[in-house]
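Worth knowing before you read on, the calculation uses all heavy atoms, side chains too, and leaves out hydrogens, waters and symmetry mates. Quick note on labels: first sequence line is chain A, next is B, and so on, each numbered from 1.
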Amino acid sequence: MEIASKYDPSKTEEKWYSYWMENGFFKSVPDEREPYTIVIPPPNVTGVLHMGHMLNNTIQDILVRRARMLGKNACWVPGTDHASIATEAKVVNKLREEGIDKHSLTRDGFLEHAWEWTDKHGGIILEQLKKLGASCDWDRTCFTMDEVRSEGVIKSFVDLYKKGHIYRGIRMVNWDPKAKTAVSDEEVIYKEVKSKLYYIRYQVDGEPGQYVTIATTRPETILGDTAVCVNPNDDRFKHLAGKRVLVPLINRSIPVIQDEYVDMEFGTGCLKITPAHDINDYEIGMRHNLESIDILNDDGTLSEKAEIFIGEDRFEVRKKIEKSLDEAGNLAKVEDYTNKVGFSERTDEVIEPKLSTQWFLRMSELAKPALDAVMNDEVKFHPAKFKNLYRHWMENVKDWCISRQLWWGHRIPVYYLADGTFVVAESDAEALAEARKASGNATLSMNDLKQDEDVLDTWASSWLWPITVFDGFNPDKNEVDYYYPTNDLVTGHDIIFFWVARMIMAGYEFKGTYPFKNVYFTGMVRDKQGRKMSKSLGNSPEPLDLIKNFGADGVRVGMLLCSPAGGDLRFDESLPEQGRNFANKMWNAFRLVKSWDVDNSIEQPESAALAIEWFGNRLQKEMAVIADHFDKYRVSDALMSVYTLFWDEFSSWFLEVIKPAYQKPVDGKTYHAAIDFLEDLMHLIHPFMPFITEEVWHHLKERKEGESLMVSPMPALKSFDESLLKQFELVKEAIVNVRTVRKERNVAMRDTLELKVLKGDDGYVERFNPVVQKLVNLDGITSVEEKVEGAVSFFVKSSEFFVPMESAINIEEELEKLEKELQYTEGFLNGVMKKLGNERFVAGAPEKVVAIEKQKQADAEAKIAALKESIARLK
RNA sequence: GGGCACUUAGCUCAGUUGGUUCAGAGCAUCUGGUUUACACCCAGAGGGUCAGCGGUUCGAAUCCGUUAGUGCCCA
């Protein structure tokens, strides 16, 4: 068989993915097996794959593939999210480029364009996930705006409304004038910007020549002022109590009020109050019964209420009003100033605090069970440090503004009657019936009802995702009862509030239990310098290029190598490169074994039998370690385990022992053992590197059509002999020492050596002599009763090994080596004795720990004696 | 300003709940190496006051206090 010396992923990945698909291995239908379920964090339908997705989906695929191989009915549900604001913004831009203004279209007309866009761009990202090897049940692909998911959203809205959790209210919202919608607090990003602080003089009403000066960063908002406020404790302004002042330029008379909110130290100590455009002013306004004058239109231009500059953009007005104020003599001074300004996460537009009528979801009751669930680990967070953050947010949770002034999304199922009253219903027909009942007017028709124009926040569909992907709002509960609650959720910690917390709330509210048992938070993928990867910085590698260069397996390994749970990870191309190298290592180990001629008639060398015995145990031990890592969601540790198991233990130790001499055949027993071990290893590595393991697995033995590693069971955990493993470590130590002797003495590997051992209490395992002999090319190993002259020596524990040398031994060097070791061992013994001499240690420490110390003492004493003797002899 | 994390080798990080193998891994560096599986490799080596200080304990990277720096969240 011709097998290339370098593994080429491009030749296998496509092939196996198609094979898996054709055989339906990703599919899941409810059966009698235990389910294992993951729902994908749905990526934005029109988005493209980025490094965060790569990490996230690699981890999910590892968990799903492992569960599948452990015999569970594994179901990974893929899908996409309609992303209201982002998608609508993209469609609006596209239309604009075509010369079409969104507002010239009807709602239905616009939605047609939006669906067209979605159909065209939607799902690209899912196709990209296939390249990564994602084993999703693609037949289950969901979209947050498809029929089933939409139904769930509407039903949940009506349900929550009927339970009294949803209300309509006037609130100060974060207004995005570009998207013309309200965004949540979490979607506002505060950035430090250089701006100016304007000092503006207001004339005291009826007292020409008398002024008060306020400081503001937003001079255009003075047109909406309804008061000036001072601290009641501020002596400087006591004389203003009860007076009124005139808003510059428009000369509106407003009161001077007193409130302790005002910081006497800041600015002039005198604050303008604009309740419609500042959240703090709004609260003061509420306390003092002030009027709110909203001077802004939805698009950020000034409204008629502003009286001047009507229809001009807020930032234009800022420039113009500075000039006007100056000319009118109201501008005292302007200072440079740095402050934090909120920007929309979606459109990067400066957010305007704005009074607006919105739909809200009351959170306090929903939050209670969701908070408890996480605090008592009914839902487990990995890493647990996110519990604190979660608790803090949940204990201070604010009502959720669920309406968005957009068209792309789930239209709010609220229907208004002519008199302004409204009904809430799942469909037009039900709404009409409700309306007739409520109004007592049986002649009402749909024409008399007007459905709310707004849509729901995208998260109002995402939070139902673990339920709606299984059609959980419908009477047929077959699917949802089987798969829900799901097992694991893998997501970025940046959406712990947007999504994770809300899914948990929805789970308890609509299903009476948690939506997932475990949440694995991934970190953010950053570049080498620790910067967030972003399009504008151009510091993100193209994921598909990485796959092309290093193979999907290599990239998967690379993602995991730098990704402890929850910690940010610094990505660098050396990581997938390391993954690729590992794939190549596997390939060559397999190639080596496969290249041997097998001769069933020759006897198995003892060294090989011993190596097989050892590695069998070694494998079992590591399998237990790996299982433990997975139990604790230490996925990158699990990878490191298989990595060293394969590379160091299997390739560097096991294969080197059993390797037949050049151009000699291998015996059948050893060959089959090696093949079986390789097969076990392929199972263990498969979840991490599905493609190469499948390829190798098919080469190992004759496989039938339709067989696959991905659906064959993981090897079962068996007990192992720990003492044997310890013994082998001592054997390795002896081997390493002989290798060092060879190197230091420049003895080539082809020249055989002799090894003599003066056996101590520990350190020499005679049984494994054939292994030592094989690996360091010895004539033989013999036990001796006394020290050997003319030899280089070393210790393993208290056993002393001698390598006789034909050339003269450098006494000075040997002495130096021995003295050094003696010094170290004496220091070591000293420490041990200190402990043992301490009565409180002997009395207080567990018996086991004391016994260990005593053993250390005995070992060290024996070794010191031997060392001293050797030194004396050399001298 | 309030809260929460974090600080371990040149770099990225483990360190599983105070006790053999506790000071580790991978990468990087350095020294050797054409022993036919792999140079995408092999055999070795160096490198750390576990941020500083103080405490608890027989025993601390691990627990407590404090200082400094970094990051995140909230205002």
What contact category does A:Q578 fall into here, base, sugar-phosphate, or nothing, at under 4.0 angstrom with non-hydrogen atoms? sugar-phosphate
For side-chain hydrogen bond (donor to acceptor under 3.5 Å, both in side chains), just list the numbers for A:T274 and A:Y282, CA-CA rounded to whole Å, side-chain angles, deciding distance to a tenth of an Å, and then say yes or no. CA-CA 7 Å; A:T274 324; A:Y282 178 71; over 6 Å; no
How many whole angstroms separate atom CZ of A:R739 from atom C1' of B:rG33? 13 Å
Compare the aromatic ring of A:Y662 with the six-membered base ring of B:rU36 and state whether they stack according to the 5.5 Å and 30° rule. yes
Under 3.5 Å, side chain of A:R556 to main-chain N/O of A:M54, donor-acceptor pair present? no
Please state the C1' separation for the pair B:rG18 and B:rA25 - nearest whole angstrom. 23 Å
Here the distance between atom C1' of B:rA39 and atom CD of A:E577, to the nearest Å, is 13 Å
If I pick the C1' atom on B:rG47 and the same atom on B:rC11, what distance separates them, to the nearest angstrom? 13 Å
Exercise: do A:Y764 and A:S798 side chains pair donor with acceptor under 3.5 Å: no
Check whether any side-chain N or O of A:W647 sits under 4.0 Å from OP1 or OP2 of B:rC42, and answer yes or no. yes
Which of the following nucleotides, B:rA5, B:rG3, B:rC38, is nearest to the side chain of A:E656? B:rC38
Rounded to whole Å, CG of A:L775 lies from C1' of B:rU35 at a distance of 13 Å
With respect to the side chain of A:R591, which nucleotide from B:rA14, B:rG26, B:rA37 is positioned closest? B:rA37
Ignoring hydrogens and angles, state whether a donor on the side chain of A:S641 or A:E622 is under 3.5 Å from an acceptor on the partner side chain. yes
Could you work out the separation of B:rU34 and B:rU29 based on their C1' atoms and round it to a whole Å? 24 Å
Winner on side-chain proximity to A:K585, out of B:rA14, B:rC42, B:rA5, is B:rC42
The side chain of A:M640 is closest to which nucleotide in this list: B:rC27, B:rC40, B:rA25? B:rA25
Which nucleotide in B:rC38, B:rG3, B:rA5 has an atom nearest any side-chain atom of A:K385: B:rA5
With P as the reference atom in both, quote the distance from B:rU67 to B:rC74 in angstrom, rounded to an integer. 26 Å
Output the pairing pattern of RNA chain B as a dot-bracket string, 5' first, Watson-Crick or G-U wobble with both distances under 3.5 Å, | for cross-strand pairs, [ ] for crossing pairs. (((((((..((((.....[....)))).(((((.......))))).....(((((..]....)))))))))))).
When A:Y643 and A:Q663 are each assigned the nearest nucleotide of RNA chain B, the 5'-most assignment goes to A:Y643
Any sub-3.5 Å donor-acceptor pair from A:D751's side-chain atoms to A:V747's backbone N or O? no
Presence of A:K6 side-chain N/O under 4.0 Å of B:rA39 phosphate oxygens OP1/OP2: yes
Output the rounded distance in Å from CE (A:M375) to P (B:rC4). 13 Å
Among B:rC42, B:rC38, B:rA37, the nucleotide that comes nearest once only the side chain of A:S652 is considered: B:rC42
Check every strand shown and say whether A:V736 touches a base, only sugar-phosphate, or nothing at a heavy-atom separation below 4.0 Å. sugar-phosphate
Roughly how far apart, to the nearest Å, are B:rA43 and B:rC38 at atom C1'? 15 Å
Span that lies between the P atom of B:rC22 and that of B:rG15, in whole angstrom: 15 Å
Please measure how far the C1' atom in B:rG33 lies from the corresponding atom in B:rG59, and state the result in whole Å. 46 Å
Does the gap between the ring centers of A:F521 and A:H493 come in under 6.0 Å? no
Choosing from B:rC38, B:rG44, B:rA25, which nucleotide comes nearest the side chain of A:K743? B:rG44
From NZ of A:K797 across to P of B:rU20 the rounded distance in Å is 13 Å
Could you state the CZ-C1' distance from A:F646 to B:rA37, rounded to the nearest angstrom? 11 Å
Heavy-atom donor-acceptor pair, A:D628 side chain to A:A624 backbone, under 3.5 Å: no
Would you say the ring centroid of A:F801 lies under 6.0 angstrom from that of A:F794? yes
In whole Å, what separates the P atom of B:rU8 from that of B:rA75? 31 Å
Can you tell me how far C1' of B:rA43 sits from CD of A:E733, to the nearest Å? 17 Å
Side-chain N or O of A:K732 less than 4.0 angstrom from OP1 or OP2 on B:rA43? no
For a ring-ring contact (aromatic ring centres under 6.0 Å, His included) with A:F677, tell me which candidate from A:F646, A:W614, A:F590, A:F615 qualifies. A:F615
Any donor-acceptor N or O pair under 3.5 Å, side chains A:D488, A:N518: yes
Would you indicate, yes or no, if B:rC41 has its OP1 or OP2 atom less than 4.0 angstrom from a side-chain nitrogen or oxygen of A:N581? yes
B:rC38, B:rC27, B:rA37: which one has an atom nearest the side-chain heavy atoms of A:K659? B:rA37
Please give, in whole Å, the distance from B:rA5 P to A:F521 CZ? 15 Å
Let me know, please, whether A:N388 or A:D628 comes out on the 5' side of the other along RNA chain B by nearest nucleotide. A:N388
